Amino acid sequence: MAMTVRPEDSREPGVEALLRTLVRDFQETAATTEIEAPDPRVLEAMRRVPRDRFVPGTGAVHAWENHPLPIGYGQTISQPFIVALMTQLLDLAPDSRVLEIGTGSGYQTAILAELAGGVFSIEVVPELARSAARRLADMGYRNVKVRSGNGREGWPEAAPFDAVIVTAGAEDIPPALVEQLGPGGRLVIPVDSRWAGQDLVLAVRQDDGSLRKRTILSVMFVPLIGTNAT
Ligand code: SAH
């Protein structure tokens with residue numbers, strides 16, 4: 001039988017090792033997160049999305065390590081465990097509409113697009129927005145819209161959303177994002193801690209419009225740029 005070496009063949013061991021690391025990270029943080037294990041649907045999405053395609057240049061060889069990596073413009077592609085955890089917290093259904101702030105490389109965007117009906121993603125660095133949009137289109141994602149702008153304002157024309165995810169650290173939850181969250185909607189955001197880094201916060205919109213908040217884990221993200229719209 002003739003053997004053909006395809007580029008994706010070298011991915012498989014990398015992905016499988018990464019998935020095992022994710023399972024272990026979920027176990028090791030369970031006491032704080034109150035989540036014992038990754039949802040199989042989230043793991044399957046992580047298996048399907050080739051992270052090496054989102055890391056520029058020579059950094060791609062590190063794509064299967066459970067670390068953030070530089071993507072240019074002083075920004076980073078998030079750590080896979082944090083991507084999996086934040087995705088799981090959103091509790092997506094196949095028809096969910098998701099707003100993402102901080103497209104960056106588009107990796108988290110692709111994971112969301114695997115699990116949700118529509119993903120609306122905003123990136124403040126125009127060059128990153130452009131390259132992520134092109135990359136996601138090339139990879140065949142048809143349920144994603146990317147635009148460049150200040151994500152603190154959200155995407156009012158596409159609201160309400162079932163889920164909102166912010167992948168940069170903010171001093172507090174931008175009010176526009178709360179307004180654009182539908183009933184029962186879930187918002188995940190790193191909020192600056194009094195100490196170093198941020199607390200990953202899950203906020204769920206209640207029937208009376210208030211938010212029920214829970215701190216999930218200490219995290220370290222790049223800062224959310226700019227100020228809230230007034
Ligand atoms: N989730 C992405 C990127 C994480 S880094 C990935 O894994 O690749 C955070 C991203 O948020 C950066 O690309 C940064 O440029 C972007 N960002 C920072 N402030 C923003 C703002 N106000 N609105 C939209 N994007 C913002």
Side-chain angles (χ1 to χ4, degrees), residues 18 22 42 45-46 49-57 59-60 62-90 92 98-116 119-136 138-139 141 144-156 158-159 161 163-178 180 187-192 197-198 200 219-230:
L18 177 59
L22 295 183
V42 172
M46 303 286 294
V49 178
R51 189 169 183 251
D52 53 346
R53 290 192 57 178
F54 294 83
V55 180
H62 300 291
W64 310 115
E65 295 164 19
N66 190 22
H67 300 297
L69 292 166
I71 56 169
Y73 308 92
Q75 305 302 334
T76 53
I77 178 173
S78 303
Q79 180 190 355
F81 167 60
I82 298 296
V83 170
L85 178 64
M86 291 174 84
T87 304
Q88 185 150 334
L89 290 166
L90 296 177
L92 299 172
V98 188
L99 173 66
E100 179 190 41
I101 311 304
T103 320
S105 67
Y107 176 65
Q108 170 80 74
T109 322
I111 300 286
L112 298 170
E114 291 279 341
L115 295 166
V119 184
F120 299 80
S121 187
I122 309 176
E123 168 56 52
V124 75
V125 178
E127 292 84 351
L128 286 176
R130 243 193 322 269
S131 59
R134 194 180 312 120
R135 180 179 292 129
L136 291 162
D138 286 350
M139 294 177 77
Y141 290 105
V144 173
K145 286 198 169 75
V146 179
R147 84 176 182 195
S148 177
N150 180 3
R152 291 169 182 268
E153 294 163 22
W155 195 316
F161 300 99
V164 176
I165 174 171
V166 183
T167 67
E171 57 296 330
D172 211 343
I173 305 177
L177 302 185
V178 178
Q180 292 172 32
L187 186 153
V188 177
I189 181 171
V191 176
D192 291 344
Q198 303 94 23
L200 187 62
V219 289
M220 188 72 83
F221 276 84
V222 296
L224 190 68
I225 293 165
T227 53
N228 293 331
T230 44

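Just so you know, ligand 1 is whichever comes first in the structure, and atom 1 is the first atom listed for that ligand. Along the sequence shown, residues are numbered consecutively beginning with 1. Remember, it's a predicted structure, so these values are computed and weren't measured experimentally.
- Side-chain contact between Tyr141 and Val119 is absent, with no heavy atoms from C-beta onward closer than 4.5 Å.
- Proximity to Leu224 (heavy-atom distance under 4.0 Å) selects the following atoms of ligand 1: 19 (N), 20 (C), 21 (C), 22 (N).
- In this structure a side-chain-to-backbone donor-acceptor pair under 3.5 Å is missing from Asn228 to Pro175.
- Annotation: side chain of Phe54 is in contact with side chain of Val49 (closest heavy-atom distance under 4.5 Å).
- The backbone and the side chain of Val124 each have at least one atom closer than 4.0 Å to an atom of ligand 1 (non-hydrogen atoms only).
- The protein atom (non-hydrogen) at minimum distance from atom 7 (O) of ligand 1 is Ser78 N, 2.9 Å.
- Inter-residue side-chain proximity for Ser121 and Gln108 is flagged as unmet; no heavy-atom pair is nearer than 4.5 Å.
- The closest approach between any non-hydrogen atom of Thr109 and ligand 1 is not below 4.0 Å.
- Between Val42 and Leu22, every side-chain heavy-atom pair lies at or beyond the 4.5 Å cut-off.
- The shortest N/O to N/O separation between Ile71 and ligand 1 does not fall below 3.5 Å.
- Atom 23 (N) of ligand 1 has as its closest protein heavy atom Gly151 N, 2.8 Å.
- Proximity to Leu128 (heavy-atom distance under 4.0 Å) selects the following atoms of ligand 1: 13 (O).
- Ligand-side atoms of ligand 1 in range of Gly149: 23 (N), 24 (C), range being under 4.0 angstrom from any heavy atom.
- In the vicinity of Ile77, heavy-atom distances shorter than 4.0 Å reach the ligand 1 atoms 6 (C), 7 (O), 8 (O).
- Which parts of ligand 1 touch Val125 is read off a 4.0 Å heavy-atom cut-off, strictly below it: atoms 15 (O).
- Looking only at heavy atoms of the protein, atom 11 (O) of ligand 1 is closest to Gly102 CA, 3.2 Å.
- Remark: the backbone N or O of Phe120 is not paired with any side-chain donor or acceptor of Arg147 at under 3.5 angstrom.
- In this comparison of Gln108, Gln79, Glu123, Glu100, the heavy atom closest to atom 15 (O) of ligand 1 sits on Glu123.
- Although no hydrogens or angles enter the test, the distance criterion places no donor-acceptor pair under 3.5 Å between the side chain of Gln180 and the main chain of Phe161.
- Side-chain contact between Pro50 and Met139: present, with at least one pair of heavy atoms (C-beta onward) separated by less than 4.5 Å.
- A donor-acceptor distance shorter than 3.5 angstrom exists from the side chain of Arg152 to the backbone of Leu224, with no hydrogens or angles considered.
- Less than 4.0 angstrom separates some heavy atom of Val222 from each of these atoms of ligand 1: 5 (S), 9 (C).
- Residue Thr76 approaches ligand 1 through these ligand atoms, each under 4.0 Å from one of its heavy atoms: 3 (C), 4 (C), 5 (S), 6 (C), 8 (O).
- At a threshold of 4.5 Å between non-hydrogen side-chain atoms, the residues Gln79 and Phe221 do not count as touching.
- No side-chain heavy atom of Ser148 sits less than 4.5 Å from a side-chain heavy atom of Arg130.
- The shortest N or O to N or O distance between Arg152 and ligand 1 is not below 3.5 Å.
- Ranking the protein heavy atoms by distance from atom 18 (C) of ligand 1 puts Ile225 N, 3.7 Å first.
- Only the side chain of Gln75 comes within 4.0 Å of ligand 1, counting heavy atoms alone; its backbone N, CA, C and O stay farther away.
- In this structure, the protein non-hydrogen atom closest to atom 9 (C) of ligand 1 is Thr167 O, 3.3 Å.
- The protein atom (non-hydrogen) at minimum distance from atom 8 (O) of ligand 1 is Ser105 OG, 2.6 Å.
- Less than 4.0 angstrom separates some heavy atom of Ile122 from each of these atoms of ligand 1: 24 (C), 25 (N).
- With contacts defined as side-chain heavy-atom distances shorter than 4.5 Å, the pair Ile82/Pro68 does not qualify.
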